[in-house]
Amino acid sequence: MPDRRILVTSALPYANGHIHLGHLVEYIQTDIFVRFQKLRGHRAIYLCADDTHGTAIMIRAKAEGRSEHDLISGMREAHLADFAGFQIAFDHYGSTDSPANRTLCGEIWQALRDRGLVVSRDVQQLFDPQAGVFLADRFVRGTCPKCSAADQYGDSCEQCGATYSPADLVNPVSTLSGATPEVRSAEHLFVTIETLHSFLETWTTSSGALDPRIANYLAGHFLGEPLRDWDVSRPAPYFGFEIPDKPGHYWYVWFDAPIGYIAATSEWCVAHGESLAAWWHRGGGNDPPAEIHHFIGKDITYFHTLFWPAMLEAAGLALPTKVRIHGFLTVNGQKMSKSRGTFLMARTYLDHLDPAALRYYYAAKLSGGIDDIDLNLEEFAAKVNADLVGKVVNLASRTARWLETTGLATTYPDDGGLFARAAADGAEIAAAYEQCDFARAMRAIMLAADRANAYVDAEQPWKLAKAGAAAAEKLQQVASVALNLFRQITVYLAPVLPRLAEQVGDLIGGPIRSWDESQQPLVGLPVGPFQPLMRRVEATQLEALLAAAATQPPSPATLPPQGTATMTESATDSGEPLAAEPLAPECTIDDFTKVDLRVARIIAAEEVPEARKLLKLTVSLGGDATRTVFAGIKGFHEPAALIGRLVVVVANLAPRQMKFGLSEGMVVAASGAGSPGVFLLSPDSGALPGMRLH
RNA sequence: GGGCCCGUAGCUCAGCGGUUAGAGCAGGGGACUCAUAAUCCCUUGGUCGUGUGUUCGAAUCACACCGGGCCUACCA
């Protein structure tokens, strides 16, 4: 069979935040798919990159008092470390802020220009005069013009459901500076994708790239009417690429982000002496033509199924073979939530648990559909322990030791057809992998493990071992069968559990390189000393994970957009913290006003290596007023994540000489019974350093 | 308001027109002791959300309704 050439991408993670377990659904899914294709002998490359541009990056960099490039290079390191921890094996990991991407953006832009698809138009937008930037809808809040509900987003009201322009808001406020935004007019460039309407209609419905449900959704929501022009530029200041033929204007982040797929390919090609044209140009005599598979989450469906193919079509580039869309992750049946302590970062997970456990659990849950998948922690532990530890790894654990001295039998014994049966199942398992129905693949694999365990039980090798020399040959045969069945299963699991596959190679037969190794048993080979291959998931580990998640500092980057709070949880709040620390004696208003509490911004934070509990913070009270404060929050807050945060400080506290320096104030934080940790207080957005608490 | 998805054993799900509806986990009983208290055998448990229809035959198809979710919205 002719090998396929398969280019695979995951959506580019935004450089504004760290990787969490929701992101990992996609990267693990994609990684399994790519590893499977490689194991099958196909030419597959897995490409990804950091998505680095846009307003959010610019604002965060400003808040943290550093350059955008500093911010995105730091985040890139963090992303790569998290991915490596989960054994996500990219062939290349680029950045949308790369020269290659700038060049490709220019080329595609020129193609759009040449086809007359770019038009210019003035847009009225709110401008923050203090921050000096145009404001995206979500950076403006104000009173709903319809129902007068306070503190609503710039584009819609969560109280009455009305939609409007941010300019219609009553008393609009910039969430960046607290200033009152003003309406300004600015020129924007648009792509008239309506010109490609009939192409998109055809492509979405009959290219085979999309699930019919998605095609139907697009037909209903977008393609049933003329497509609106797509706004692809932003006026300065903006962090991104300046448009060459439009100085002072930048490509909108969603223009250059998908082109990052091509840029990453380009960089990979340079490193491997390949031609970019062989992957992204149409026809060109490439044999076989490259397949392009994009894995994305359902939230970015329309960028990848309308704008992106439209851009590729206009530029004459290859179109996606498949856009594979997955759902979101819930934890214990609910959205990941900071307040419930279920907002699980990749790093936090890695601190407590084996990445293989999550890879397997996700594989067992993913069936290729767009439904959300749930990480139920109890089920997670039960499934990993029962399937991987109890069934699969246990096969080796219970038989390998009998072969340490003798090695595998020189001819494969009669096993009642077990190996042949599982070998035959390989076709169905492969088909399931190919369709991204990993859940079906895992079920089929576990059936093979069940049959193997039943075989061991029936043959009772432990009795043969006691029978001594008389039964030695039979014992070797039984153990050889069991170990072969085990290795066969690990071949099937190799795309999901690459680490296990490696370790099994050390035990017996060398590295697993090909799916075909599931078709032939091994004979006559030495067997290495058995070492534990995978540990059980313990309840205490899960508890530690949740405790760590609960005390994570809420990094602004990872916070979901702040909706109107619906405080429904107070009814169930425990009385424990109050009981543990009863109220202090009554005080007067004069007593209170002696304490001068101020909003301050953390502008520097560093470890104090010799201190057990202290971090050294520099806080700004606005203007030139800064203070050095030692805060007892070490271990609960990462210094880097604190920078830029607003906190509350006791500003008139008498300075105190500490072992490590002079502390000129105190950062206010909550702690007590009920939950370990120290919780910093943050003012509502809009508060400014120097404001007093009254 | 519209669109889509889901509703099958306590839990997670498979089955998607054809014999008495299945698996894993959980529960109950037994076996075994090689193994990370793992494994194996037996077993309890379901009016397949409700109703009407199509059919020789429906969990499986159609329609309506109920319940849950997602998306989107004064126009699909």
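Remember, it's a predicted structure, so these values are computed and weren't measured experimentally.
- Looking at residues two or more places apart in sequence or on another chain, you find a side chain to side chain donor-acceptor pair (under 3.5 Å) between Arg35(A) and Asp31(A).
- Between the side chains of Asp387(A) and Tyr360(A), a donor-acceptor pair is found at a separation under 3.5 Å.
- Within the structure, the ring pair (Phe, Tyr, Trp, His ring centres under 6.0 Å) test picks out the following pairs touching residues 451-496 of chain A (sequence neighbours left out): Tyr492(A)-Trp515(A).
- RNA chain B lies under 4.0 Å from at least one heavy atom of each of the following residues of residues 295-307 of chain A: Lys298(A).
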Inset, instruction - For RNA chain B, produce a single dot-bracket line, 5' to 3'. Pairs: Watson-Crick or G-U wobble, both distances under 3.5 Å. Symbols: ( ) within strand, [ ] crossing, | other strand, . unpaired. - result: ((((((((.[[[[.)..(...]]]].(((((.......))))).....[[[[[..)....]]]]])))))))....
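- Between the CD atom of Glu379(A) and the C1' atom of U12(B) there is a distance of 5 Å, rounded to whole Å.
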Inset, instruction - Starting from the C-alpha separation in whole Å, work towards a yes-or-no answer on salt bridge (Lys or Arg N to Asp or Glu O under 4.0 Å) for Asp354(A) and Arg499(A). - result: CA-CA 11 Å; Asp354(A) 182 351; Arg499(A) 188 75 214 295; over 6 Å; no
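- Among pairs with a residue in residues 361-381 of chain A, those fulfilling side chain to side chain donor-acceptor pair (under 3.5 Å) read Lys298(A)-Asp372(A), Thr330(A)-Asp374(A), Tyr361(A)-Glu379(A), Lys365(A)-Glu379(A), at least two apart in sequence or across chains.
- The Arg401(A) side chain lies nearest to C34(B) when the options are C25(B), C34(B), A76(B).
- With salt bridges taken as basic N to acidic carboxylate O contacts below 4.0 Å, one links Asp457(A) and Arg398(A).
- Trp230(A) and Phe307(A) have parallel rings, their planes meeting at less than 30° on a 0 to 90° scale where 60° marks the start of perpendicular.
- Aromatic ring pairs are classed by plane angle as parallel below 30°, tilted from 30° to 60° and perpendicular above 60°; the pair Trp254(A) and His304(A) is perpendicular.
- A donor-acceptor contact under 3.5 angstrom links the side chains of Arg440(A) and Gln435(A), judged on distance only.
- If you check C70(B), A35(B), U36(B) against the side chain of Ser397(A), the one that comes closest is A35(B).
- For Asp351(A), there are no side chain to side chain donor-acceptor pair (under 3.5 Å) partners at least two apart in sequence or on another chain.
- Out of U36(B), C75(B), C13(B), the shortest distance to the side chain of Pro532(A) is found at U36(B).
- Regarding Arg228(A), its CZ atom lies at a distance of 13 Å from the P atom of A76(B), rounded to whole Å.
- Within residues 459-485 of chain A, the residues that place at least one heavy atom under 4.0 Å from RNA chain B are, in residue-number order, Trp462(A), Lys463(A), Lys466(A).
- Contact check of residues 387-395 of chain A against RNA chain B (heavy atom, cut-off under 4.0 Å) returns Val389(A), Gly390(A), Lys391(A), Val393(A), Asn394(A).
- Listed by residue number, the members of residues 440-456 of chain A with any heavy atom below 4.0 angstrom from RNA chain B are Arg443(A), Asp450(A), Asn453(A), Ala454(A).
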Atom pairs, N/O to N/O, protein against nucleotides 4-9 of chain B, distance under 3.5 Å?
| residue | atom | partner | partner atom | Å |
| --- | --- | --- | --- | --- |
| C5(B) | O2' | Asp371(A) | OD1 | 3.3 |

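- The distance between atom CG of Leu227(A) and atom C1' of C75(B), rounded to the nearest whole Å, is 15 Å.
- The CD1 atom of Ile373(A) sits 20 Å away from the P atom of C11(B) (whole-angstrom rounding).
- Take His352(A) and apply the side chain to side chain donor-acceptor pair (under 3.5 Å) test, not counting sequence neighbours, and it matches no residue.
- Listed by chain and number, the residues in a side chain to side chain donor-acceptor pair (under 3.5 Å) with Trp308(A) are His294(A) (sequence neighbours excluded).
- In this structure, the CZ atom of Phe380(A) is 18 Å from the P atom of C25(B), given to the nearest Å.
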